[in-house]
Amino acid sequence: MCVNFRIQLTPTHTLHVLNHVQKALVFSSEVSAWFWDTDQLKTRLQQSSKQIWAQVLSRNRARQLFTALADHTELIESSDTSLIVYSLEDLPAIVQTFGGPEELGVSIRRELSLWKLSPTAYFSWGSEKEEEKMSLLEKQLQDLHMQRYVCVVSMNGLMCSVCI
């Protein structure tokens, strides 16, 4: 199962967070758009002194993921054969490296804190079976997470998609 949802980090910055193989991942093309007109993130990171993990996902190895993303987001085209993703954990360093606004850094660190508190709860809100398995802390995190996104839905048009 993969879960992909879009969050509004600042009035001008959105981010899709993908749970793939139990990792919180973000899309290179989306992060790159915060700084440049084309996807230059991998090249710019290679030119900098930062050593940041990147993963290339290929359509051949993740066909179901590609289909779901092409159907439910504008992040990839149905003809794309690969996409580059980065760990959510590396996003603060990326934003700092390229001089992103402080408000963006704060929002990203907040999301990262929620994910680190309970990765399972971060991606499982709304699932009754998962709710039964959660500890009290995870349940509280789920409630907080759901309230935050319900608020974003009414103000910023949050798009959520779940693919199984």
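Counting from 1, the numbers follow the sequence of the chain as shown. Source: prediction; values computed, not measured.
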K.L.:
Heavy-atom distance under 4.5 Å between the side chains of L15 and V31, does that happen here?
P.N.:
yes

K.L.:
Is it the case that the side chain of R59 and the backbone of D80 share a donor-acceptor pair, with hydrogens and angles ignored and the cut-off at 3.5 Å?
P.N.:
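Flag set: sc R59 to bb D80 pair under 3.5 Å.
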
K.L.:
Evaluate the side-chain proximity of Y86 to L91: yes if any heavy-atom separation is below 4.5 Å, no if none is.
P.N.:
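A side-chain contact is absent here, since even the closest heavy-atom pair is not under 4.5 Å.
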
K.L.:
Taking all atoms of both residues into account, what is the closest heavy-atom pair of R109 and P92, and its distance?
P.N.:
CG-CG, 4.2 Å

K.L.:
So, taking the atom named CG in L112 and the one named CG in L88, what distance separates them when rounded to the nearest 0.5 Å?
P.N.:
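So the CG of L112 and the CG of L88 are separated by 5.0 Å.
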
K.L.:
Mind checking whether P101 and H13 have side chains closer than 4.5 Å, heavy atoms only?
P.N.:
yes

K.L.:
Atom CD of Q47 and atom OG1 of T97: how far apart are they, to the nearest 0.5 Å?
P.N.:
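Going from CD on Q47 over to OG1 on T97, the span is 13.0 Å.
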
K.L.:
Test of understanding: with side chain to side chain donor-acceptor pair (under 3.5 Å), list the residues that count as partners of T81, not counting sequence neighbours.
P.N.:
none

K.L.:
What's the spacing between S107 OG and E102 CD if we round to 0.5 Å?
P.N.:
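Between S107 OG and E102 CD, I get 9.5 Å after rounding to 0.5 Å.
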
K.L.:
Is there a side-chain contact between P119 and K23 (heavy atoms, below 4.5 Å)?
P.N.:
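When only atoms from C-beta onward are counted, K23 and P119 do not touch, as no gap falls below 4.5 Å.
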
K.L.:
Report yes if the side chains of I7 and V17 come closer than 4.5 Å at any heavy-atom pair, otherwise no.
P.N.:
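When only atoms from C-beta onward are counted, V17 and I7 do touch, with a gap below 4.5 Å.
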
K.L.:
With a 4.5 Å cut-off on side-chain heavy atoms, are L18 and V26 touching?
P.N.:
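Result no, sub-4.5 Å side-chain heavy-atom pair not found.
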
K.L.:
Kindly give the heavy-atom pair with the smallest separation between N60 and R63, and that separation in Å.
P.N.:
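The pair with the smallest heavy-atom distance is OD1-NH2, 3.5 Å.
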
K.L.:
Identify, with sequence neighbours excluded, every residue that meets side chain to side chain donor-acceptor pair (under 3.5 Å) alongside Q40.
P.N.:
T38, R44

K.L.:
I need the S32 OG to L41 CG distance, nearest 0.5 Å.
P.N.:
5.5 Å

K.L.:
Counting neighbours of CD on Q96 that are heavy atoms of other residues, nucleotides or ligands and sit closer than 6.0 Å, is the number greater than 12?
P.N.:
no

K.L.:
Indicate, with yes or no, if V106 and F35 share a hydrophobic cluster defined by side-chain heavy-atom contacts under 4.5 Å among Ile, Leu, Val, Met, Phe, Trp and Tyr.
P.N.:
no

K.L.:
Show your working on side-chain contact (heavy atoms from CB on, under 4.5 Å) between L9 and W34 and close with a plain yes or no.
P.N.:
CA-CA 12 Å; L9 295 169; W34 297 343; 3.9 Å; yes

K.L.:
Got a second to check how far S29's OG is from D39's CG, nearest 0.5 Å?
P.N.:
5.5 Å

K.L.:
Mark yes or no for whether S48, through its side chain, and L45, through its backbone, hold a donor-acceptor pair below 3.5 Å.
P.N.:
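Here the side-chain-to-backbone pair exists.
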
K.L.:
Between NE2 of H16 and CG of L25, what distance do you get to the nearest 0.5 Å?
P.N.:
14.0 Å

K.L.:
Check step by step if ring-ring contact (aromatic ring centres under 6.0 Å, His included) holds for F98 and W36.
P.N.:
CA-CA 10 Å; F98 299 112; W36 310 286; 4.9 Å; yes

